[in-house]
Amino acid sequence: MKELMLGNKAVARGLYEAGVCFVSSYPGTPSTEITEEAVKFDEIYCEWAPNEKVAMEGAFGASLAGKRAFCAQKHVGLNVAADPLFTMSYTGVNAGLLIVVADDAGMHSSQNEQDSRHYAIAAKVPMLEPSDSAEALAFTKTAYEISEKFDTPVIIKMCTRVAHSQSLTETGEREKHEKTYEKNIEKYVMMPGNAKKRHPVVEARTVALTEYAETSPLNRAEINSDKIGIITSSTCYQYVKEVLGDKVSVLKLGIVNPLPPKLIKDFAAKVEKLFVVEELDPIIETFVKSLGIAVKGSNILPRIDEFSQNMIADAFGEFVDAPKNANYTQIDDPIPSRPPVMCAGCPHRGLFYSLKKRKCTVLGDIGCYTLGAVKPLGAMDMTLCMGASVSASHGFNKMLGANDKNVVAVIGDSTFVHSGITGLANVAYNQSNSTIIILDNSITGMTGHQQNPTTGLNIKGEPAGKINLEALCRAMGFNRVRVVDPYNLAECDAAIKEETAANEASVIISRRPCALLKNVKHKPPLEVDKAKCIGCKACMRIGCPAISMKDGKSVVDTTQCVGCGVCSQLCPKDAFISTK
């Protein structure tokens with residue numbers, strides 16, 4: 001049956017058809033929908049893991065047990081899972097094991113740009129790269145065949161445009177694939193004596209995979225011209241075909257590690273000029289140059305951000321009759337910027353307002369609360385990676401000591417479980433006078449409301465184990481643990497003042513569910529009594545998108561307002577009133 005599918009949904013369908021039994025992931029844009037789609041198949045056990053390392057280790061365990069397994073993450077998530085990945089390359093697998101990493105060129109929802117092909121090369125595992133949804137489905141099934149044939153985990157590299165675009169796919173039936181677990185200490189116990197014996201196996205496997213890549217249908221040459229040849233992969237292939245069509249020859253690589261030297265040499269010999277079109281780092285280009293072949297790529301295309309049809313047309317205009325900007329939509333008038341803001345009624349807003357009011361140095365973390373750095377709040381000094389706020393605040397406070405106690409760390413509940421717990425243990429163990437604020441909004445917010453170990457529900461919304469944050473913090477050795485409601489500015493202000501002044505480490509849990517959760521019942525929206533409003537703009541200091549100024553008076557957009565009342569606590573004239 002043919003169906004229009006998102007790339008991520010196509011991967012999930014491929015998992016189903018390949019007979020996958022176990023899926024464990026941590027949500028991360030643009031990979032999240034794979035697991036959300038996979039859980040719709042009753043034949044596949046699915047879960048959200050606390051972090052990517054745990055997810056990958058769980059998938060390895062399922063593979064070891066003889067069931068085909070899978071885990072997904074975004075590019076920075078693979079950093080977290082790198083530890084098991086590199087050693088899994090040595091152990092190999094039992095049943096097939098597939099890892100999807102979704103890169104985010106252009107940083108639509110990420111703190112950096114990162115080319116995950118480096119991981120495949122460094123870990124010496126095969127990597128496939130589909131260019132549309134049909135290939136996403138087909139490559140997923142092929143990946144399991146490669147995994148079991150060559151005894152290796154396999155990585156599929158997605159990107160934002162493939163993951164979140166739709167194209168036509170053809171679905172098939174589910175096939176059953178299982179293996180028996182057999183104890184094998186030399187293969188699976190990676191102590192030095194065994195690992196030394198496994199490394200030659202990995203090198204021999206790379207040679208075999210390279211030979212496979214030479215003739216695999218996943219790599220294909222499209223010979224249309226003897227003048228210009230382009231080597232490319234993924235969504236770049238789509239841009240090249242859309243802009244240049246049959247005016248150039250193309251070597252489309254579906255296997256980007258290991259690369260096929262013979263195939264590349266043969267293709268290069270058929271054209272006068274050779275180019276590589278690849279986003280971010282010149283990995284294919286560098287490999288081609290290592291073969292002694294003259295090639296252009298990074299000298300005519302940037303090494304940052306996403307590519308586009310216009311960019312390809314501009315870059316190749318001097319080499320081929322490319323339709324420069326002719327067939328692509330152009331907007332003459334500049335589009336005004338619309339900076340992201342926390343939602344109306346976001347529970348983090350009141351807490352960040354209090355932090356700014358007390359002129360705190362705020363070490364932040366990864367989540368929608370990172371928007372606390374945006375004006376008018378501007379209440380954040382640093383954001384590095386998952387969990388770094390807690391660890392960094394420890395180092396910061398250790399160096400400043402008693403000189404500055406007005407330093408806090410903020411971290412969301414899901415991020416805390418992901419990577420903050422160990423940092424908090426470090427604060428308790430090495431005794432820095434740090435104040436850690438856990439922003440508990442009862443969900444994993446930024447990636448679209450996924451459950452986590454603090455919510456009490458699993459991926460299907462069923463009752464599950466629930467971490468008691470207060471009990472956990474006290475068990476670590478914190479004597480000062482308090483819960484505040486971020487809608488109550490006076491309560492937040494008092495807690496921050498008292499805990500930062502204390503002579504010991506402390507934890508504040510700012511607890512209020514995300515305003516967008518379906519089960520949250522809001523109060524009636526507020527409106528402004530224009531007779532009372534003096535236009536002082538005190539309410540504008542919290543940056544709520546539901547509040548604006550018109551004719552010198554505050555105005556509330558009642559379609560956005562959730563009646564949280566934070567603005568009314570700032571108004572000196574009590575001008576905010578309920579619409580009820």
Side-chain angles (χ1 to χ4, degrees), residues 2 4-5 7 10 105 128-139 142 157-162 165-170 213-256 259-280 282-285 287-289 291 293-302 306-330:
K2 292 185 177 181
L4 198 63
M5 283 188 188
L128 314 183
E129 197 170 15
S131 63
D132 59 23
S133 298
E135 287 190 348
L137 195 162
F139 283 23
T142 301
K157 176 179 172 289
M158 300 285 281
C159 67
T160 302
R161 294 303 158 200
V162 176
S165 63
Q166 296 188 77
S167 61
L168 199 61
T169 61
E170 188 161 356
E214 296 285 5
T215 58
S216 170
L218 301 184
N219 298 327
R220 68 173 185 266
E222 301 173 2
I223 305 300
N224 301 308
S225 168
D226 60 0
K227 302 294 184 183
I228 302 292
I230 296 176
I231 304 174
T232 188
S233 64
S234 186
T235 190
C236 293
Y237 168 77
Q238 303 290 359
Y239 300 151
V240 167
K241 294 296 290 184
E242 186 171 341
V243 175
L244 303 177
D246 294 337
K247 297 176 182 178
V248 299
S249 293
V250 176
L251 176 57
K252 182 193 179 299
L253 297 175
I255 303 175
V256 292
L259 291 168
K262 296 175 184 176
L263 185 61
I264 290 172
K265 287 180 180 179
D266 180 64
F267 179 76
K270 294 176 181 178
V271 296
E272 294 179 11
K273 293 182 179 179
L274 186 65
F275 298 85
V276 171
V277 177
E278 57 186 328
E279 286 181 339
L280 299 183
I283 291 175
I284 299 173
E285 180 184 348
F287 181 81
V288 173
K289 286 180 177 178
L291 301 175
I293 300 171
V295 62
K296 293 183 178 181
S298 56
N299 59 328
I300 65 169
L301 288 162
E306 288 184 302
F307 289 178
S308 67
Q309 293 93 333
N310 287 333
M311 188 182 294
I312 300 302
D314 290 340
F316 284 91
E318 63 178 285
F319 304 106
V320 65
D321 183 21
K324 275 197 167 185
N325 299 323
N327 298 327
Y328 310 108
T329 301
Q330 295 291 303

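Residue numbers run from 1 in the order of the sequence given.
Once rounded to the nearest 0.5 Å, the distance linking CG of N219 with CD1 of I255 reads 5.0 Å. Between the CG atom in D132 and the CD atom in Q238 there is a gap of 5.5 Å [rounded to 0.5 Å]. To the nearest 0.5 Å, the span separating CZ on F316 from CD1 on I300 amounts to 4.0 Å. Taking CG from L4 and OG1 from T169, the interatomic distance works out to 7.5 Å, rounded to the nearest 0.5 Å. The OG atom of S225 lies 11.0 Å from the NZ atom of K273; values are rounded to the nearest 0.5 Å. The CD atom of E135 sits 10.0 Å away from atom OG1 of T142, with the distance rounded to the nearest 0.5 Å.
The shortest non-hydrogen separation linking G245 to N224 is O-ND2, 4.4 Å. Taking both residues in full, the closest heavy atoms of I284 and E278 are given as N-OE1, 3.0 Å, listed atom of the first, atom of the second, then distance. Residues S133 and A10 come closest through the heavy atom pair O-CB, 3.2 Å. Contact between A221 and F267 at its shortest, heavy atoms only, is CB-CD1, 4.2 Å. In terms of heavy-atom proximity, S131 sits nearest to S234 at CB-O, 3.1 Å. Nearest heavy atom pair, residue C236 against residue F307, reads SG-CD1, 3.9 Å.
In this structure, E279 does not pair ionically with R161, as no charged nitrogen and carboxylate oxygen lie closer than 4.0 Å. Taking 4.0 Å as the cut-off between side-chain N and carboxylate O, K270 and D266 count as a salt-bridged pair.
The closest donor-acceptor contact from the side chain of E214 to the backbone of K262 lies under 3.5 Å. The backbone N or O of S298 lies less than 3.5 Å from a partner atom in the side chain of E285, making a donor-acceptor pair.
With contacts defined as side-chain heavy-atom distances shorter than 4.5 Å, the pair M311/L301 qualifies. Two residues are said to be in side-chain contact when any heavy atoms from C-beta on lie closer than 4.5 Å; Y237 and L253 fail this criterion.
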Dump the intermediate steps for side-chain contact (heavy atoms from CB on, under 4.5 Å) on V256 and I283, then the final yes or no. CA-CA 9 Å; V256 292; I283 291 175; over 6 Å; no
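Heavy atoms from other residues, nucleotides or ligands lying under 6.0 Å from NZ of K241 number more than 12.
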